[in-house]
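The structure appears right after this line, and notes come after that.
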Amino acid sequence: MKILYIAFKNFSVLHYGASKKVISACRAMEELGHTVTLIGQSDSNTVFVDTRGACTLYKEHKPFYVKKMQPLFDKWNQIDDICQIIQNEYFDICYIRFDLNTPKFLSLLKALNPRCGKIFIEIPTYPYNKEYSGIINQIRLAIDNLYAKKIYKYVDKIISFYEISGGEYYGVPVQVVPNGFDFDGISIIQHDEVPDTIEIVAVSSMRLWHGYERFIDGLNIYYSNGGKRNLIFHIVGDGREGLKYMELVKRYHLEQRVFFHGAMHGEELDNLMEKCTLGVDSLARHRTGISVLSSLKSREYGAKGIPIINSCDIDILGDDFCYFLKVPADETPINIEDIIEFYDSVYQHGHRIEVARQIRAYIEAKSSMKSVMKMVIEGK
């Protein structure tokens with residue numbers, strides 16, 4: 001089939017999880033025998049993106065003079081360009097990565113409707129309303145709610161990684177699938193040694209729902225009470241919560257226990273993760289009303305073969321998966337004794353590589369991108 005994929009994402013930098021995921025989804029569909037056209041952004045320009053991440057310019061746009069408004073104008077320009085691109089084209093499926101409902105987005109759906117056999121919209125997180133804070137974002141959500149009631153006229157299916165009440169999103173049927181991941185691009189752990197020092201990694205955009213202050217608070221309590229085991233917490237990434245974490249570390253005098261690395265990618269990140277024997281996903285998803293998570297981060301840790309710590313369930317992990325520690329979904333400090341007990345149980349027989357192989361095999365079997373996109377296209 002001929003498939004149009006629309007992503008309101010900047011593909012000028014391919015390190016970020018969402019952009020990488022979109023490209024891997026398109027690559028998976030091509031491997032399934034379909035022809036895929038991916039339209040995205042490169043800075044403020046509208047571009048075609050191939051499955052290697054290379055961008056071909058469709059139309060150049062000047063940056064908007066109000067920087068905070070730039071994402072909005074980039075999206076508007078991209079929508080206008082898409083409407084031009086599809087005038088003389090027909091696609092069997094149009095797949096859109098969701099970015100809130102607006103009058104402009106509804107106009108895009110209207111334009112796509114006669115040019116596409118079916119229109120699918122992927123909603124990466126649901127519910128998503130608690131991820132938006134502040135007056136401006138509350139206005140955006142009010143607009144979203146208003147125009148979401150109209151999309152049933154044009155959209156055939158919503159793709160979600162989370163159960164949605166009633167099995168519908170404003171009258172549009174929902175297909176729930178695992179959050180797919182491209183495992184081919186990540187190498188598994190190479191070192192077999194299980195060190196005495198417990199090094200733990202958290203890779204994220206440092207948003208409210210990551211809740212790493214809970215782990216830092218837990219470390220403070222553990223060492224204030226005379227804790228003897230050596231734990232090192234590596235925080236990778238940049239984000240609005242970072243300053244709060246840094247202030248806590250300074251207040252608790254944990255500078256030799258908690259390290260901030262900023263954004264890391266490629267070989268540099270691989271080298272750090274080789275040292276880390278546990279991975280922290282999110283510790284405060286209860287703040288956004290999510291109790292079962294379908295994060296890319298859980299897949300990334302799984303691909304490396306690193307056991308996972310989270311405060312909510314992970315969609316693809318069953319009771320038979322012993323390499324997952326679920327901590328309480330509340331505001332209490334993380335109990336470091338529980339972390340140590342989990343670490344010792346996972347690595348009680350040594351042989352880190354064998355543990356890593358078991359983790360990767362389990363998670364890959366349940367969330368490979370190719371199998372997920374096959375489910376989406378075939379509706380199974």
Side-chain angles (χ1 to χ4, degrees), residues 14-21 23-25 27-28 178-195 197-206 210 212 215 231-237 259-283 293-311 314-318 320-327 339 342-372:
L14 297 178
H15 299 308
Y16 299 111
S19 300
K20 288 170 62 178
K21 190 207 164 179
I23 290 171
S24 66
R27 185 163 53 246
N179 196 354
F181 188 75
D182 181 7
F183 289 81
D184 293 339
I186 294 186
S187 60
I188 197 169
I189 291 298
Q190 301 296 311
H191 291 84
D192 202 32
E193 179 186 358
V194 178
T197 297
I198 305 174
E199 298 202 49
I200 304 155
V201 66
V203 185
S204 80
S205 55
M206 294 194 215
H210 290 116
Y212 298 152
F215 204 97
L231 287 87
I232 303 294
F233 188 33
H234 298 278
I235 299 179
V236 178
F259 295 92
F260 296 92
H261 298 273
M264 297 178 74
H265 310 286
E267 185 177 354
E268 186 181 26
L269 180 57
D270 284 340
N271 291 338
L272 175 62
M273 295 184 83
E274 278 290 332
K275 301 194 303 180
C276 296
T277 45
L278 298 174
V280 177
D281 195 342
S282 293
L283 300 178
L293 192 60
S294 185
S295 68
L296 285 178
K297 194 55 55 190
S298 63
R299 276 65 166 169
E300 290 173 9
Y301 292 147
K304 295 299 292 186
I306 298 175
I308 304 164
I309 301 167
N310 206 320
S311 64
I314 295 176
D315 59 335
I316 57 172
L317 303 185
D320 58 334
F321 187 75
C322 61
Y323 302 112
F324 170 57
L325 175 65
K326 183 181 177 183
V327 297
I339 304 297
F342 176 60
Y343 176 84
D344 290 341
S345 68
V346 165
Y347 295 110
Q348 60 183 315
H349 302 300
H351 305 298
R352 188 181 176 204
I353 288 178
E354 180 56 32
V355 168
R357 286 173 179 165
Q358 291 181 30
I359 293 172
R360 176 162 174 144
Y362 184 101
I363 292 180
E364 185 171 9
K366 297 201 173 191
S367 60
S368 74
M369 183 63 78
K370 193 170 180 178
S371 65
V372 170

To the nearest 0.5 Å, what is the distance between [atom1] ([X]) and [atom2] ([Y])?
X	Y	atom1	atom2	result
F324	I314	CZ	CD1	4.5 Å
F215	L231	CZ	CG	6.0 Å
D182	L296	CG	CG	11.0 Å
Q358	F321	CD	CZ	9.5 Å
L272	E267	CG	CD	12.5 Å
F260	F233	CZ	CZ	8.0 Å

Would you mind reporting whether [Y] and [X] have side-chain heavy atoms less than 4.5 Å apart?
X	Y	value
Y323	I306	no
C322	V346	no
T277	P195	yes
H191	K275	no
P178	R299	yes
I363	F183	yes
F181	V372	no

Ignoring hydrogens, what is the shortest heavy-atom contact between [X] and [Y]? Give both atom names and the distance.
X	Y	value
K21	G180	CE-O, 3.8 Å
V194	Y343	CG1-OH, 3.4 Å
G305	P307	O-CD, 3.9 Å
G262	V236	O-CG1, 3.4 Å

Whether E274 side chain and Q190 backbone form a donor-acceptor pair below 3.5 Å
yes
State which residue, out of S294, S295, S298, fulfils the side-chain hydrogen bond (donor to acceptor under 3.5 Å, both in side chains) condition with D315.
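Testing each of S294, S295, S298 against D315, the sole residue satisfying side-chain hydrogen bond (donor to acceptor under 3.5 Å, both in side chains) is S294.
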Of K366, E364, R360, the residue whose pairing with Y362 passes side-chain hydrogen bond (donor to acceptor under 3.5 Å, both in side chains)
K366
Less than 4.0 angstrom from a charged side-chain N to a carboxylate O is my criterion; do D270 and K304 meet it?
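A salt bridge links D270 with K304.
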salt_bridge(D281, K326) N-O dist < 4.0 Å
no
Aromatic plane relationship, F259 with H261 - under 30° parallel, 30 to 60° tilted, over 60° perpendicular
tilted
Quickly, which of I359, V201, N310 forms a side-chain contact (heavy atoms from CB on, under 4.5 Å) with Y301? Name it, please.
V201
Pick from L278, V327, I198: which one makes a side-chain contact (heavy atoms from CB on, under 4.5 Å) with F342?
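Result for side-chain contact (heavy atoms from CB on, under 4.5 Å) with F342: L278.
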